[in-house]
**Q** 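Here it is, the structure, as structure tokens.
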Number of protein chains: 2
Amino acid sequence: MTDALEPSPKTDGFAVMLREAGLRVTSQRMAILRTLSSAEDHPTAEEIAGKARGSDASISHATVYRTLSVLEELGLIRKLSLENSPARYELCGDDDHGHIVDVGDGTIIEFEDEAMSARHQAIAADLGYEVVRCVTIIEARKKPGPV
Amino acid sequence: MTDALEPSPKTDGFAVMLREAGLRVTSQRMAILRTLSSAEDHPTAEEIAGKARGSDASISHATVYRTLSVLEELGLIRKLSLENSPARYELCGDDDHGHIVDVGDGTIIEFEDEAMSARHQAIAADLGYEVVRCVTIIEARKKPGPV
DNA sequence: GACTAGATGAGAATGAATTGCAATATCAAG
DNA sequence: CTTGATATTGCAATTCATTCTCATCTAGTC
């Protein structure tokens with residue numbers, strides 16, 4: 001009963017999307033997608049490689065990088081370039097959400113904010129642009145305040 | 001009349017800030033600061049090195065990188081980590097402004113938006129954080145609009 | 001002018017990400 | 001189910017940005 005390897009409705013959807021984009025559905029790609037899908041945090045390429053190797057034999061890191069950029073272009077995942085550290089990845093819908101990075105311990109908290117997203121759209125529109133993607137990173141320090 | 005090399009009130013201010021931070025005022029640091037101060041765009045470290053070499057002899061790229069991080073910690077400049085390209089730098093006050101990156105040609109447009117900055121503060125505060133710095137990058141595509 | 005800690009230059013080293021190429025595997029067609 | 005065309009992979013070597021090492025130099029001080 002290795003149901004970790006069973007196709008789930010979620011990962012099945014990935015396979016369909018890959019095929020529709022004219023791409024082949026390989027075990028490596030599915031392993032990477034499955035890894036991202038079960039990740040609570042925002043793993044780096046190497047972290048993804050490590051976990052993906054758990055479910056599929058020996059995935060080379062070249063494949064991880066190649067797959068990640070394919071998936072990014074496909075719009076299935078999002079890449080997050082942080083200062084002074086390797087890029088991190090997350091599955092995504094097409095929502096515009098931001099990240100708070102705790103400068104103390106590196107914790108990343110996601111948030112969504114309608115007002116902020118609306119401003120992004122408006123600002124871009126004012127300048128004659130249409131938004132492709134937004135990256136918001138708020139580096140912040142935990143306030144000593146009352147719990 | 002090589003007034004490009006004259007100390008300007010602006011660059012003088014830099015010297016004071018360096019000294020106040022207990023750092024030495026070197027010709028390399030001033031050349032880099034002068035370069036940034038006269039840059040209209042957001043140059044990369046290597047572009048800065050190139051231009052700075054124009055005003056000061058042979059500045060090594062190690063020095064450029066070292067100086068840039070010193071200046072960043074000092075809060076005099078800001079580093080902008082973009083996807084798939086070297087970091088870019090800009091002089092900065094402590095304002096929270098964003099950048100629109102034209103996905104077509106790479107043009108970077110700066111903007112300020114009170115409402116957006118206010119949201120950043122509020123969002124962080126809600127989660128018990130105080131903002132250190134914000135990075136907003138809106139990747140956008142030029143609208144075919146009427147011109 | 002001399003001293004000393006901080007700063008620099010040159011180049012080697014690191015680490016993330018990309019690429020070339022031969023081997024392999026997917027998927028459509030028979 | 002077998003085959004063939006070709007997309008994809010693994011491996012290793014490579015690129016590129018950035019950092020580090022260390023001997024030399026220099027700003028700031030006395």
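All values below come from the heavy atoms of this structure, side chains included, with hydrogens, waters and symmetry mates left out. A, B, ... follow the sequence lines: proteins, then strands. Residue 1 opens every chain.
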**Q** OP1, OP2 of C/dA25 versus side-chain N and O of A/Gln28: anything below 4.0 Å?
**A** no

**Q** Of all the choices, C/dT8, C/dA17, D/dT9, which nucleotide is nearest to the side chain of A/Arg29 once you look at every atom?
**A** D/dT9

**Q** Quick one: is D/dT18 close enough that its OP1 or OP2 comes under 4.0 Å of any side-chain N or O from B/Tyr65?
**A** yes

**Q** Without decimals, in angstroms, what is the distance between B/His61 NE2 and D/dT18 P?
**A** 11 Å

**Q** How far does CG of A/Leu80 sit from OG1 of A/Thr44, to the nearest 0.5 angstrom?
**A** 12.0 Å

**Q** Would you kindly give the CG-to-P distance between A/Leu80 and C/dA16, to the nearest whole Å?
**A** 16 Å

**Q** Nearest nucleotide by nearest heavy atom, which residue falls closer to the 5' end of DNA chain C, A/Ser27 or A/Pro86?
**A** A/Pro86

**Q** Categorize A/Arg66 for me: base, sugar-phosphate, or nothing, with a 4.0 angstrom heavy-atom threshold over every strand shown.
**A** base

**Q** Grab the CD-P distance between B/Glu83 and C/dA16 for me, whole Å please.
**A** 17 Å

**Q** So, do B/Ile108 and B/Asp41 sit near enough that their side-chain heavy atoms are less than 4.5 Å apart?
**A** no

**Q** What is the distance from CG of A/Leu18 to P of C/dC27, rounded to the nearest Å?
**A** 9 Å

**Q** D/dT9 phosphate, OP1 or OP2: any side-chain N/O from A/Thr26 under 4.0 angstrom?
**A** yes

**Q** Can you measure A/Leu82 atom CG to C/dA17 atom P for me and round it to whole angstrom units?
**A** 11 Å

**Q** Would one find more than 12 heavy atoms of other residues, nucleotides or ligands at under 6.0 Å from atom CD of B/Glu110?
**A** yes

**Q** Please tell me which of B/Ala62 and B/Leu23 maps to the more 5' nucleotide of DNA chain D, matching each residue to the nucleotide holding its nearest heavy atom.
**A** B/Ala62

**Q** Could you measure the distance from the OG1 atom of B/Thr67 to the CG atom of B/Leu36? Nearest 0.5 Å is fine.
**A** 10.5 Å

**Q** Measure from CD on A/Glu47 to P on C/dA16 and round the result to the nearest Å.
**A** 11 Å

**Q** Out of D/dG28, C/dC27, D/dT9, which nucleotide sits closest to the side chain of A/Val25?
**A** C/dC27

**Q** Going by distance alone, is a donor N or O of one side chain under 3.5 Å from an acceptor N or O of the other, for A/His97 and A/Glu112?
**A** no

**Q** Describe the nucleic acid contact of B/Ser58 in one word from base, sugar-phosphate, nothing, applying a heavy-atom distance below 4.0 Å.
**A** sugar-phosphate

**Q** Rounding to a whole Å, what distance do you find between B/Arg53:CZ and C/dG9:C1'?
**A** 11 Å

**Q** Under the 3.5 Å rule, do the base of C/dG6 and the side chain of B/Arg24 count as making a donor-acceptor pair?
**A** yes

**Q** Over how many whole Å does the gap from A/Leu74 atom CG to D/dT8 atom C1' extend?
**A** 15 Å

**Q** I want to verify a distance call: between C/dT8, C/dG11, C/dC27, whose nearest atom is closest to the B/Thr63 side chain?
**A** C/dT8

**Q** Need to verify one output field. Residue with the more 5' nearest nucleotide on DNA chain D, B/Arg19 or A/Ser60?
**A** A/Ser60

